[in-house]
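Below you'll find the structure, written out as structure tokens, and then a few comments.
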Amino acid sequence: MGIDDNQLIKMQEKMAWLEDLLERSGKEIAELEDKVLKLERDMRILSSKIAEPSAVRDLKDETPPPHY
């Protein structure tokens, strides 16, 4: 009970398809990881800016809008 040529060809095609899928998935995961790292850096920068005293002004220092 051996593998005939058709079965072997189907298995090779399936393996090639899976290898391609794995390669594309790996590239997509790497791109997503880069995006996550950039977002984490941006969040750290924003968090540090919010923590600065100059980021928030007291309401008494605000000028009223022109319609008042």
Side-chain angles (χ1 to χ4, degrees):
M1 181 164 195
I3 297 176
D4 67 5
D5 287 343
N6 277 344
Q7 288 176 316
L8 184 60
I9 289 171
K10 285 181 182 181
M11 288 172 64
Q12 288 173 334
E13 288 173 348
K14 192 176 281 190
M15 184 179 284
W17 182 84
L18 289 170
E19 286 173 343
D20 180 60
L21 179 64
L22 181 62
E23 184 177 333
R24 286 186 286 131
S25 296
K27 287 178 183 178
E28 190 168 334
I29 289 170
E31 289 173 8
L32 290 172
E33 185 178 17
D34 290 342
K35 288 179 182 180
V36 167
L37 291 173
K38 182 186 180 314
L39 288 171
E40 286 175 342
R41 280 192 308 267
D42 292 347
M43 285 297 295
R44 279 194 299 274
I45 291 169
L46 289 173
S47 292
S48 69
K49 288 184 185 243
I50 289 173
E52 293 176 8
S54 63
V56 179
R57 295 192 305 197
D58 195 355
L59 284 178
K60 66 180 169 73
D61 295 334
E62 290 288 327
T63 56
H67 64 279
Y68 281 113

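Residues satisfying the salt bridge (charged side-chain N to carboxylate O under 4.0 Å, His left out) test with Arg41, not counting sequence neighbours, are none. Every salt bridge (charged side-chain N to carboxylate O under 4.0 Å, His left out) that Asp20 has, sequence neighbours left out, goes to Arg24. Qualifying side-chain contact (heavy atoms from CB on, under 4.5 Å) partners for Gln7, counting only residues two or more places apart in sequence or in other chains: Ile3, Asp4. Not a single salt bridge (charged side-chain N to carboxylate O under 4.0 Å, His left out) links Lys35 to another residue, sequence neighbours left out. Glu33 is linked by a side-chain contact (heavy atoms from CB on, under 4.5 Å) to Leu37, counting only residues two or more places apart in sequence or in another chain. Listed by chain and number, the residues in a salt bridge (charged side-chain N to carboxylate O under 4.0 Å, His left out) with Glu23 are Lys27 (sequence neighbours excluded).
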For this session: Evaluate the criterion side-chain contact (heavy atoms from CB on, under 4.5 Å) for residue pair Asp34 and Lys38; output intermediate values, then yes/no.
Result: CA-CA 6 Å; Asp34 290 342; Lys38 182 186 180 314; over 6 Å; no
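In this structure, Lys14 NZ and Leu21 CG are separated by 13.0 Å, a value rounded to the nearest 0.5 Å. With rounding to the nearest 0.5 angstrom, the CG atom of Leu46 is 11.5 Å from the CZ atom of Arg44.
Proximity of Ile9 to Glu13: side-chain heavy atoms (C-beta onward) are separated by under 4.5 Å at one or more points.
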